[in-house]
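Before any comments, here is the structure.
Here the structure is a predicted model, which means the values were calculated and not measured.
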Amino acid sequence: MKTIHMTTLGCDKNTIDSEMMLGLIEEKKYSIVTDPKEAEIIIVNTCCFIQSAKEQSIDYILEYVDYKNSGLCQRLIVAGCMAERYHEELAAEIPEIDGFLGVGHFDNILELITYLEITSDPDYLDPIGNEEKRIETKFFGDIDKDIIEARRYIKEGTVSTFVRISEGCDHGCTYCVIPKIRGKYRSRRSLNIFEELQYLQERGIKEIILIGQDIAPYGKDLDEDLDLPNLLKKIASQFEFTWIRMMYLYPEGITDKLLAVVKQHPSINPYFDIPLQHLNDMVLKRMGRKMTFEQTADLISKIRKTLPEAVVRTSIITGFPGETSEQHAELINKIKMLPFDHLGVFKYSQEENTPAAKFENQIPEDEKEKRYNEIMITQQSISHAQKQRFIGKILKVLIEGVDEDTYFGRFYGDAPEIDGTVFVDSHNTPLTIGNFYSVKIVNALEYDLIGDIENEFTK
């Protein structure tokens, strides 16, 4: 039985793609191992959203080339966004890579593995004399194809997972290469979503996180008369998930109808992840964004008025071409005006084949770093102030682990891996990992909360 390891880099869309590949692999009775040093076949699901992601992907690939040269690894497969975009360059520079799998072909993983095993036979004669070309031709392109459906591999004990409801993007932001990799916007058919949700519920999943490049336009391209608010309403009514979380909502898609549905259903977390990217109107226009700062401020105000308990996350790009020091200062001031609970910052990455890559007045890297640090320092104090409002409240906390005598987990305002943590004093009472507990918050740090256990939450 062949042993296979999967390394997943980048966003949670990649996580789902990897789980789908592993689901197919598991059906064929391959042995899935967590340690790449124990694997005969290694698959790297790559990301190339920004320069740092490309560098991380290359670092992992080169590390696994060493395993192939001196370890158990016999076959190295590169999948995902970097494979889709740069397979020709990678094949030329790193010949140890045996196969590539583009983003529209994850369902071909077994076919690729079988092909590589056949062609590794020393007696095999390639009928066309060009093995690499066959692989590249067969497993690339079709980025606008229907969303792939496959049973995912869900690790035993998992209680929180992502659910893809759309793929691709039509926004055309001037800095972003995602539409060229992931294709145009496509909503996933609701029947397929509900079938997957039923499977996840049976597996004991307690938190689902709805994702896509932008989930707000869900349903606009379908003939189902079902938009995001109605989809949420059906999920909340028909399934028993404790938490339903939304990720990646462009601001123009957040409607009164959506806010009303969130308010109506307690299982839908009042958590809004809104990638704004900037708050200066001139910079926003050059980015290809659709909303002005005034419109954004009105939206944030409406969210907080409709849902006072709402937690709002955003992301900002600093050092965009042509961003002046005055516009950067304005950004800092407007971040203070719209105090976000969570704020992530990306230093602008000059991506080829994007309009912004050709813009004049590209910002030097040291200036980007300086502006990045200034934004993060500003947000640190804001985050600390925002956390204070939870002191004295009793929150439902999902316990995810324990470090020595301190348990830790998340409340509705923390998305996994990117936000903060709730540290819980159990007063020597053993807690069950994966269960929800009522926790009284007694202190707040810059990004985390500290609380005392009250009792186990039962639904």
Side-chain angles (χ1 to χ4, degrees), residues 1-10 13-36 38-47 57 60-61 64 67-68 72-84 87 90-91 96-128 130-143 145-156 158 161-162 164 167 181-183 188 192 195-196 199-200 203:
M1 179 185 294
K2 289 280 188 181
T3 54
I4 296 182
H5 169 81
M6 175 81 71
T7 289
T8 303
L9 306 173
K13 275 77 72 177
N14 272 13
T15 298
I16 290 179
D17 295 336
S18 291
E19 289 174 351
M20 289 170 58
M21 285 190 278
L22 289 173
L24 293 167
I25 287 167
E26 185 182 38
E27 287 180 4
K28 291 299 181 182
K29 308 303 181 184
Y30 287 97
S31 177
I32 299 170
V33 296
T34 57
D35 187 348
E38 299 175 358
E40 296 164 280
I41 300 172
I42 296 178
I43 305 167
V44 190
N45 193 2
T46 58
C47 175
S57 294
Y60 271 96
I61 292 169
Y64 296 153
Y67 293 175
K68 186 180 177 186
L72 290 177
C73 180
Q74 301 169 6
R75 290 288 175 262
L76 176 58
I77 296 171
V78 174
C81 296
M82 198 166 191
E84 180 71 48
H87 55 275
L90 288 169
E96 292 88 350
I97 299 173
D98 297 290
F100 298 92
L101 204 62
V103 296
H105 290 276
F106 291 119
D107 50 343
N108 295 120
I109 182 62
L110 290 175
E111 191 177 351
L112 176 57
I113 291 174
T114 300
Y115 176 75
L116 293 177
E117 290 181 342
I118 292 172
T119 56
S120 67
D121 188 331
D123 297 325
Y124 173 76
L125 296 176
D126 186 349
I128 64 172
N130 191 343
E131 178 179 326
E132 281 189 356
K133 185 63 177 176
R134 287 182 64 192
I135 294 172
E136 292 178 9
T137 301
K138 196 165 190 178
F139 299 118
F140 290 94
D142 296 334
I143 59 174
K145 66 188 286 189
D146 290 344
I147 296 173
I148 296 170
E149 298 293 340
R151 179 65 60 90
R152 291 159 56 189
Y153 170 79
I154 302 295
K155 186 178 178 181
E156 194 69 31
T158 299
T161 194
F162 302 104
R164 190 199 325 264
E167 180 62 283
I181 298 174
R182 290 278 180 176
R188 188 179 178 195
N192 295 326
E195 286 179 349
E196 181 173 32
Y199 166 68
L200 295 175
R203 291 295 303 265

- Task: Determine whether Glu19 and Ile154 make a side-chain contact, defined as any pair of heavy atoms from C-beta on separated by less than 4.5 Å.
- Result: yes
- Item | Thr46 backbone acceptor or donor facing Asn14 side chain under 3.5 Å | yes
- Test side chain to side chain contact (heavy atoms under 4.5 Å, CB included) applied to Leu110 and Tyr30, step by step: CA-CA 10 Å; Leu110 290 175; Tyr30 287 97; 3.9 Å; yes
- Message: Are there over 12 heavy-atom neighbours, none belonging to Tyr60, within less than 6.0 Å of that residue's OH?
- Response: no
- Item | Electrostatic pair Arg182-Glu167, nearest N-O below 4.0 angstrom | yes
- Minimal heavy-atom distance between Ala79 and Phe106, with the atoms involved, is CB-CE2, 4.1 Å
- Message: What I'd like to find out is whether the side chain of Val78 reaches to under 4.5 Å of the side chain of Ile61, using heavy atoms alone.
- Response: yes
- Note on the structure: For Phe100 and Leu112, the nearest pair of non-hydrogen atoms, with its separation, is O-CD2, 3.8 Å
- Query: Heavy atoms, side chains only, cut-off 4.5 Å: are Ile42 and Tyr67 in contact?
  - Reply: yes
- Within the distance-only criterion (no hydrogens, no angle test), does the side chain of Lys2 pair as donor or acceptor with the backbone N or O of Ser31 below 3.5 angstrom? no
- Query: Is any side-chain heavy atom of Ile113 less than 4.5 Å from a side-chain heavy atom of Ile77?
  - Reply: yes
- Query: Could you walk me through whether Met21 and Asn45 pass the side chain to side chain contact (heavy atoms under 4.5 Å, CB included) check?
  - Reply: CA-CA 10 Å; Met21 285 190 278; Asn45 193 2; 3.9 Å; yes
- Mind checking side-chain hydrogen bond (donor to acceptor under 3.5 Å, both in side chains) for Glu196 and listing every partner two or more places apart, or none if nothing turns up? Arg152, Arg188
- Query: Do the non-hydrogen side-chain atoms of Lys68 and Gln74 ever get within less than 4.5 Å of each other?
  - Reply: no
- Item | side chain to side chain contact (heavy atoms under 4.5 Å, CB included) between Glu26 and Ile32, intermediate numbers included | CA-CA 7 Å; Glu26 185 182 38; Ile32 299 170; 4.1 Å; yes
- Message: Quick check on Asn192: does its CG atom have over 12 non-hydrogen neighbours (other residues, nucleotides or ligands) under 6.0 Å away?
- Response: yes
- Message: Any donor-acceptor pair under 3.5 Å linking the side-chain atoms of Ser18 with those of Thr8?
- Response: yes
- Task: Working to the nearest 0.5 Å, report the span between CG of Leu200 and CZ of Arg203.
- Result: 8.5 Å
- Does a donor on one side chain and an acceptor on the other come within less than 3.5 Å for Glu40 and Thr3? yes
- Query: Would you say the side-chain atoms of His87 pair up with the backbone N or O of Ala83, donor to acceptor, closer than 3.5 Å?
  - Reply: yes
- Minimum side-chain heavy-atom gap Val103-Asp17 below 4.5 Å: no
- Note on the structure: What one should report as the nearest heavy-atom pair of Cys81 and Cys47 is CB-CA, 4.3 Å
- Task: Locate the shortest heavy-atom distance separating Tyr64 from Pro36; write the atom from each residue and the value.
- Result: CE2-CB, 3.6 Å
- Query: Got a donor-acceptor contact below 3.5 angstrom from the His5 side chain to the Val33 backbone?
  - Reply: yes
- Query: Is the backbone of Lys155 close enough, under 3.5 Å, to the side chain of Thr158 for a donor and an acceptor to pair up by distance?
  - Reply: yes
- Please assess Ile43 against Leu76 for the test side chain to side chain contact (heavy atoms under 4.5 Å, CB included), listing each intermediate value before the final yes or no. CA-CA 6 Å; Ile43 305 167; Leu76 176 58; over 6 Å; no
- Task: Could you tell me the separation between the CZ atom of Arg75 and the CG atom of Leu116, rounded to the nearest 0.5 Å?
- Result: 6.0 Å
- Task: Determine whether Cys73 and Ile41 make a side-chain contact, defined as any pair of heavy atoms from C-beta on separated by less than 4.5 Å.
- Result: no
- Message: I need the Ile109 CD1 to Lys28 NZ distance, nearest 0.5 Å.
- Response: 13.5 Å
- How many angstroms lie between atom OH of Tyr199 and atom CD of Glu195, to the nearest 0.5 angstrom? 13.5 Å
